[in-house]
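What follows is a set of notes on a single structure, which appears directly below.
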Amino acid sequence: MGIKMLNIAVCDDENAMINDIENMLLDICKKQNIRADIDVFCSGETLGKEVMMGIKYDMIFLDIEMEKVNGIESAKAIRKMDQNVIFIYVSAHDRYALELFCLDVFAFIKKPIDKEEFRKTFLGAYQRVCNKVFYFTFNYKNEEYKIPCKDILYFESRGRKINVYHLNGRVDEFYGKLSEVETKIAKGKIPFLRIHQSYLVNFLLIRARTKAEVFLVNGEKLIISEDRQKKFAKEYSDLLGGEIGCLQI
């Protein structure tokens with residue numbers, strides 16, 4: 001299954017190389033129907049400042065030898081703030097193997113770039129992002145709960161409580177508003193769609209739909225309210241266009 005949006009950073013002090021990498025990424029994403037947002041940086045310093053401000057990237061393509069702050073120093077600083085980001089180094093030099101190993105680098109691509117090698121590396125990194133477990137957390141009766149988002153069928157608002165329906169049939173509950181859940185879970189990678197004032201549904205676990213109903217993988221059926229049908233149809237179609245069944249690596 002695909003994810004909602006892939007956030008990528010490209011950092012190199014050569015504009016021509018930045019353009020080449022960005023264009024290759026855009027071409028691959030278009031062919032594979034991957035939804036991606038790409039930010040480019042001409043120095044490790046500016047990239048580091050962006051991450052320090054709270055911007056999260058799924059993967060970073062990084063040159064090693066840059067002025068002021070090199071790629072290794074940038075990665076060390078970023079790794080302290082983000083343990084999950086995937087680093088892919090693109091460099092003409094491969095003499096930094098030991099330092100890269102310590103940074104848990106996903107791959108090293110030698111310049112000049114071989115397009116097929118680049119494609120396979122990127123799709124492998126994308127698959128790793130898709131396989132990550134993203135969690136929804138909530139508090140109830142002085143206890144904090146952590147649930148894998150991929151296992152949540154839907155959230156239901158009932159009075160002052162939110163019911164969380166799991167793929168395995170379990171139901172959790174906590175106090176809150178569905179609008180707050182919607183805002184919180186929108187920051188994650190698993191897409192949830194608001195189909196009703198009372199329902200927020202995991203797009204990945206919708207088996208089928210009509211104009212007025214969705215059918216979940218467990219056989220359950222939920223109503224799409226009339227005032228949300230048009231927006232839901234567009235969001236569903238947009239996400240469906242971004243799905244990939246099997247990566248062509």
Side-chain angles (χ1 to χ4, degrees), residues 2-130 132 187-189 238 241-242 244 247-249:
I3 58 175
K4 187 160 58 174
M5 178 66 78
L6 191 68
N7 294 320
I8 305 171
V10 178
C11 184
D12 198 298
D13 58 0
E14 298 179 16
N15 287 330
M17 182 55 62
I18 287 177
N19 291 334
D20 286 347
I21 294 174
E22 184 177 19
N23 288 332
M24 282 189 285
L25 288 170
L26 290 172
D27 182 60
I28 298 167
C29 288
K30 182 178 180 181
K31 289 178 179 176
Q32 293 282 351
N33 288 321
I34 296 172
R35 293 152 54 86
D37 186 28
I38 304 170
D39 292 338
V40 298
F41 302 90
C42 59
S43 74
E45 188 178 17
T46 54
L47 169 62
K49 286 180 179 178
E50 196 77 356
V51 175
M52 193 175 294
M53 290 173 61
I55 303 300
K56 293 277 188 180
Y57 292 106
D58 298 298
M59 64 179 77
I60 298 176
F61 289 83
L62 194 59
D63 187 19
I64 294 179
E65 295 190 339
M66 295 185 289
E67 294 183 6
K68 293 184 179 180
V69 181
N70 67 32
I72 292 176
E73 293 304 314
S74 294
K76 286 179 179 177
I78 292 169
R79 185 59 84 201
K80 291 177 181 178
M81 296 178 278
D82 189 342
Q83 294 295 315
N84 296 314
V85 62
I86 293 173
F87 288 115
I88 299 173
Y89 275 100
V90 184
S91 177
H93 306 284
D94 56 5
R95 59 177 180 268
Y96 301 94
L98 182 59
E99 289 180 274
L100 300 185
F101 176 79
C102 295
L103 289 168
D104 187 26
V105 173
F106 179 80
F108 178 93
I109 299 174
K110 189 91 178 280
K111 293 180 182 179
I113 297 174
D114 179 89
K115 289 188 176 181
E116 181 59 18
E117 179 190 1
F118 184 92
R119 186 182 74 87
K120 289 182 178 181
T121 299
F122 168 69
L123 292 179
Y126 176 71
Q127 195 66 61
R128 177 178 286 190
V129 174
C130 291
K132 284 181 181 177
K187 298 175 183 177
K189 292 293 180 185
D238 287 346
I244 53 175
L247 290 175
Q248 301 300 313
I249 299 178

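Between the side chain of E50 and the backbone N or O of T46, no donor-acceptor pair lies under 3.5 Å. Side-chain atoms of K132 come within 3.5 Å of backbone atoms of N84 as a donor-acceptor pair (strictly under, hydrogens ignored).
Salt bridge present: D58 and K189 bring a charged side-chain N and a carboxylate O closer than 4.0 Å. Remark: R119 does not engage D27 in a salt bridge, criterion side-chain N to carboxylate O under 4.0 Å.
Nearest heavy atoms, A9 versus L47: CB-CD1, 4.0 Å. Between A75 and Y89, the closest heavy-atom pair is CB-OH, 3.1 Å. Contact between Y126 and M59 at its shortest, heavy atoms only, is N-CE, 3.7 Å. Nearest heavy atoms, A36 versus C29: CB-SG, 3.8 Å. F122 approaches L25 most closely through the heavy-atom pair CD1-CD2, 3.6 Å. Closest approach of F106 to G124, counting heavy atoms only: CZ-C, 3.6 Å.
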Point to revise | K110 vs V90, side-chain contact (heavy atoms from CB on, under 4.5 Å): CA-CA, chis, key distance, verdict | key: CA-CA 6 Å; K110 189 91 178 280; V90 184; over 6 Å; no

Exercise for review: Step by step, work out the side-chain contact (heavy atoms from CB on, under 4.5 Å) result for I60 and I88.
Suggested key: CA-CA 6 Å; I60 298 176; I88 299 173; over 6 Å; no

Exercise for review: Begin with the C-alpha distance, continue with both residues' side-chain angles, and end with the deciding distance and a verdict on side-chain contact (heavy atoms from CB on, under 4.5 Å) for I34 and L123.
Suggested key: CA-CA 10 Å; I34 296 172; L123 292 179; 4.0 Å; yes

**Study point:** Trace of the side-chain contact (heavy atoms from CB on, under 4.5 Å) decision for V85 with R79
**Key:** CA-CA 8 Å; V85 62; R79 185 59 84 201; 3.6 Å; yes

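The structure places SG of C11 at 10.5 Å from CD of E45, a figure rounded to the nearest 0.5 Å. Distance check: D12 CG to N19 CG gives 10.5 Å after rounding to the nearest 0.5 Å. Taking CD1 from I28 and NZ from K120, the interatomic distance works out to 12.0 Å, rounded to the nearest 0.5 Å. Taking CE from M17 and OG from S91, the interatomic distance works out to 9.5 Å, rounded to the nearest 0.5 Å. One finds the CD1 atom of I86 at 10.0 Å from the CD1 atom of I8 (value rounded to the nearest 0.5 Å). To the nearest 0.5 Å, atoms CZ (R35) and CG (N7) are separated by 11.0 Å.
In the model, Y57 has a side-chain atom that pairs as donor or acceptor with a side-chain atom of D39 under 3.5 Å.
You'll find the side chain of E117 reaches within 4.5 Å of the side chain of I109, heavy atoms only. The shortest side-chain heavy-atom distance between I113 and D20 does not fall under the 4.5 Å cut-off.
Annotation for M81: atom CE counts as buried by contact number, over 12 foreign heavy atoms lying within 6.0 Å.
The aromatic ring centres of F118 and F61 sit less than 6.0 Å apart.
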